[in-house]
Amino acid sequence: MRLVLVGPPGAGKGTQAKFLEERLDLVHISTGDIFRANIKNKTALGQEVEAYLAKGQLVPDSLTIRMVWDRLDQVEKEVVSGEKRGWLLDGFPRTLDQADALKEGLAERGLALDAVVLLAIEDAILVHRLVGRRTCPQCGASYHVEDQPPKVEGICDVCGHSLIQREDDQEATIRQRIDVYHGQTKPLLSYYEKEGILLRVDADQSVEAVSSAISLALQA
Ligand code: ADP
Ligand code: AMP
């Protein structure tokens with residue numbers, strides 16, 4: 001299965017990706033996580049993209065698309081060999097040019113997306129979710145200081161690493177990221193609706209309820 005998770009920052013993409021990854025035996029590909037790992041490791045790519053993430057702006061399409069294809073081509077080898085049953089893109093595509101590049105690249109390889117899952121939610125909820133978000137830099141798990149606290153404060157339940165607050169989870173940057181979503185990413189919804197592969201899920205429910213709604217929508 002080849003899936004895309006789309007939705008505004010804070011909709012719960014990373015949280016739901018962790019469930020789907022396990023349940024459907026997919027590889028989770030988060031462009032945000034890949035950029036942050038490159039910044040942490042001070043790679044050339046990390047140095048190039050750091051300022052965009054800090055300001056809550058999108059990384060240029062050319063860089064992002066190249067990076068995604070490097071990763072997807074690796075992951076496709078695992079799918080062809082039967083090691084994995086597919087992949088799940090989280091945070092990509094985010095522009096129409098990225099969506100075109102994905103579609104064309106897949107078609108060249110004789111592949112296509114099975115579904116695009118939209119986590120639909122009002123803006124008002126996002127700021128609360130992101131201001132309180134704590135993430136694990138080791139395994140990517142997401143928590144919320146009030147709504148989804150870890151069992152031990154500041155420590156990841158999954159891997160035991162210390163949790164961090166992302167630098168771009170400050171209110172002004174969050175608002176900028178939400179604006180970017182409305183301006184540049186929202187047009188993807190009608191793009192995928194026209195293709196008949198958009199599945200809309202109400203993301204303003206408990207984590208478990210959203211997860212069940214996604215399973216129902218995917219019939220998987
Ligand atoms: P995204 O990857 O879309 O930016 P995350 O999965 O990191 O979003 O979730 C953002 C924040 O919202 C985190 O603090 C997470 O714990 C919390 N969260 C995720 N899903 C829900 C939910 N269904 N209800 C309440 N809080 C949630
Ligand atoms: P995320 O972890 O998905 O919230 O993404 C964090 C940041 O990484 C975004 O605010 C962008 O700066 C950058 N980013 C992630 N995915 C993309 C993408 N598909 N296109 C451009 N920039 C991206």
Side-chain angles (χ1 to χ4, degrees), residues 4-21 28-39 45-46 48-69 71-72 88-99 101-102 117-123 125-137 139-150 156-158 163-170 173-181 183-185 188 201-214:
V4 165
L5 265 184
V6 69
K13 300 182 295 298
T15 302
Q16 296 301 328
K18 292 280 164 216
F19 287 106
L20 286 166
E21 181 181 24
H28 173 204
I29 304 170
S30 156
T31 42
D33 284 351
I34 301 174
F35 286 136
R36 281 184 292 276
N38 275 275
I39 292 170
L45 175 67
E48 231 171 319
V49 305
E50 192 165 13
Y52 295 102
L53 273 85
K55 288 187 216 148
Q57 293 170 353
L58 293 185
V59 171
D61 284 339
S62 55
L63 272 181
T64 307
I65 291 165
R66 198 175 337 127
M67 182 191 80
V68 167
W69 276 113
R71 184 75 189 113
L72 270 184
L88 168 67
L89 279 169
D90 157 9
F92 182 93
R94 260 171 152 109
T95 65
L96 286 171
D97 283 347
Q98 292 180 11
L102 178 62
V117 177
L118 164 66
L119 296 182
I121 190 157
E122 296 296 320
D123 288 356
I125 301 160
L126 301 175
V127 177
H128 165 81
R129 283 193 181 181
L130 291 177
V131 167
R133 171 161 70 179
R134 298 295 180 270
T135 55
C136 176
C139 73
S142 254
Y143 300 86
H144 190 280
V145 283
E146 291 161 13
D147 305 343
Q148 266 108 38
C156 180
D157 291 350
V158 182
L163 301 178
I164 57 151
Q165 181 170 25
R166 271 172 48 175
E167 226 183 278
D168 58 351
D169 280 346
Q170 304 295 330
T173 319
I174 291 169
R175 293 196 187 279
Q176 160 70 18
R177 287 157 57 212
I178 295 172
D179 284 351
V180 166
Y181 174 78
Q184 303 197 55
T185 308
L188 297 185
V201 168
D202 175 9
D204 185 15
Q205 315 179 65
S206 71
V207 169
E208 295 72 23
V210 177
S211 174
S212 303
I214 296 174

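The first residue in the sequence is number 1, and the count goes up from there. Note that this is a predicted model, so its numbers are computed, not measured. Note: hydrogens, waters and symmetry copies are ignored here, and every other heavy atom, side chains too, is used. Every number for a ligand or one of its atoms is a count from 1 in the order of the listing.
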Open item on the list: Working to the nearest 0.5 angstrom, can you tell me the gap between Y181 OH and D123 CG?
Closed with: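 That separation rounds to 9.0 Å.
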What I want to know is whether [X] and ligand 2 share at least one N or O pair that is separated by under 3.5 angstrom.
| X | result |
| --- | --- |
| F92 | no |
| T31 | yes |
| Q57 | yes |

task: Give the C-alpha distance, both sets of side-chain angles, the deciding distance and a yes or no for salt bridge (charged side-chain N to carboxylate O under 4.0 Å, His left out) between R177 and D169.
output: CA-CA 10 Å; R177 287 157 57 212; D169 280 346; 3.0 Å; yes
In ligand 2, which numbered atoms sit nearer than 4.0 Å to a non-hydrogen atom of [X]?
| X | result |
| --- | --- |
| G91 | 16 (N), 17 (C), 18 (C), 19 (N) |
| Q98 | 18 (C), 19 (N), 20 (N), 21 (C) |
| R166 | 1 (P), 2 (O), 4 (O), 6 (C) |
| G32 | 2 (O), 5 (O), 15 (C) |

Nearest non-hydrogen partners of [X] and [Y], listed with the distance:
| X | Y | result |
| --- | --- | --- |
| D157 | Y143 | N-OH, 2.8 Å |
| K18 | C139 | NZ-O, 2.9 Å |
| L130 | G10 | CD2-CA, 3.5 Å |
| A203 | I121 | O-CD1, 3.8 Å |

Under 3.5 Å: donor-acceptor pair, side chain of [X], backbone of [Y]:
| X | Y | result |
| --- | --- | --- |
| K13 | G7 | yes |
| E122 | D204 | no |
| S211 | V207 | no |
| Q16 | G12 | no |

> Are D147 and H128 linked by a side-chain donor-acceptor pair shorter than 3.5 Å?
Replying inline: yes
Would you say T173 and D168 are linked by a side-chain donor-acceptor pair, where the criterion is simply a distance under 3.5 Å?
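Side-chain D/A pair, D168 to T173: absent.
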What are the atoms of ligand 1, with element, lying closer than 4.0 Å to any heavy atom of [X]?
| X | answer |
| --- | --- |
| Y143 | 13 (C), 14 (O), 16 (O) |
| Q205 | 22 (C), 23 (N), 24 (N) |
| K13 | 1 (P), 2 (O), 3 (O), 4 (O), 6 (O), 8 (O) |
| V207 | 20 (N), 21 (C), 22 (C), 23 (N) |
| S206 | 23 (N) |

Which residue holds the protein heavy atom closest to [atom], what is that atom called, and what is the gap in Å?
| atom | answer |
| --- | --- |
| atom 8 (O) of ligand 1 | G12 N, 3.2 Å |
| atom 18 (C) of ligand 2 | R94 CD, 3.4 Å |
| atom 22 (N) of ligand 2 | V59 N, 3.0 Å |
| atom 18 (N) of ligand 1 | Q148 OE1, 3.3 Å |
| atom 4 (O) of ligand 1 | G10 N, 2.8 Å |
| atom 13 (C) of ligand 2 | F35 CD1, 3.8 Å |
| atom 22 (C) of ligand 1 | R129 NH2, 3.2 Å |
| atom 2 (O) of ligand 1 | G14 N, 2.8 Å |

Discussion item. Does atom CZ (F19) have a neighbourhood of more than 12 heavy atoms from anything else shown, all under 6.0 Å?
Written reply: yes
More than 12 heavy atoms of other residues, nucleotides or ligands under 6.0 Å from CD of Q165: is that the case?
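Yes, the 6.0 Å shell around CD holds more than 12 heavy atoms from other groups.
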Result for side-chain contact (heavy atoms from CB on, under 4.5 Å) between L45 and one of M67, R66, E50 points to M67
Just heavy atoms, cut-off under 4.0 Å: does T64 contact ligand 2 by side chain, backbone, both, or neither?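 The side chain, only.
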Logged contact type for K55 with ligand 2, heavy-atom cut-off 4.0 Å, is neither
Heavy atom of A11, distance to ligand 1 below 4.0 Å: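 A11 counts as a contact of ligand 1 under the 4.0 Å cut-off.
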Nearest non-hydrogen contact to atom 6 (O) of ligand 1 from the set D169, L5, T15 belongs to T15
Checking heavy-atom distances from atom 2 (O) of ligand 2 to each of R36, M67, Q184, R177, the winner is R36
Discussion item. Checking the N or O distance criterion of under 3.5 Å, is ligand 1 in contact with V210?
Written reply: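 So ligand 1 has no N or O lying under 3.5 Å from an N or O of V210.
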Please determine if R134 has a nitrogen or oxygen closer than 3.5 Å to a nitrogen or oxygen of ligand 1.
-> no
(message) When you measure from the heavy atoms of K13 to every atom of ligand 2, does any distance fall below 4.0 Å?
(response) no
(Q) Do L58 and Y52 have side chains that approach each other closer than 4.5 Å (heavy atoms only, starting at C-beta)? (A)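 L58 does not reach Y52 side chain to side chain.
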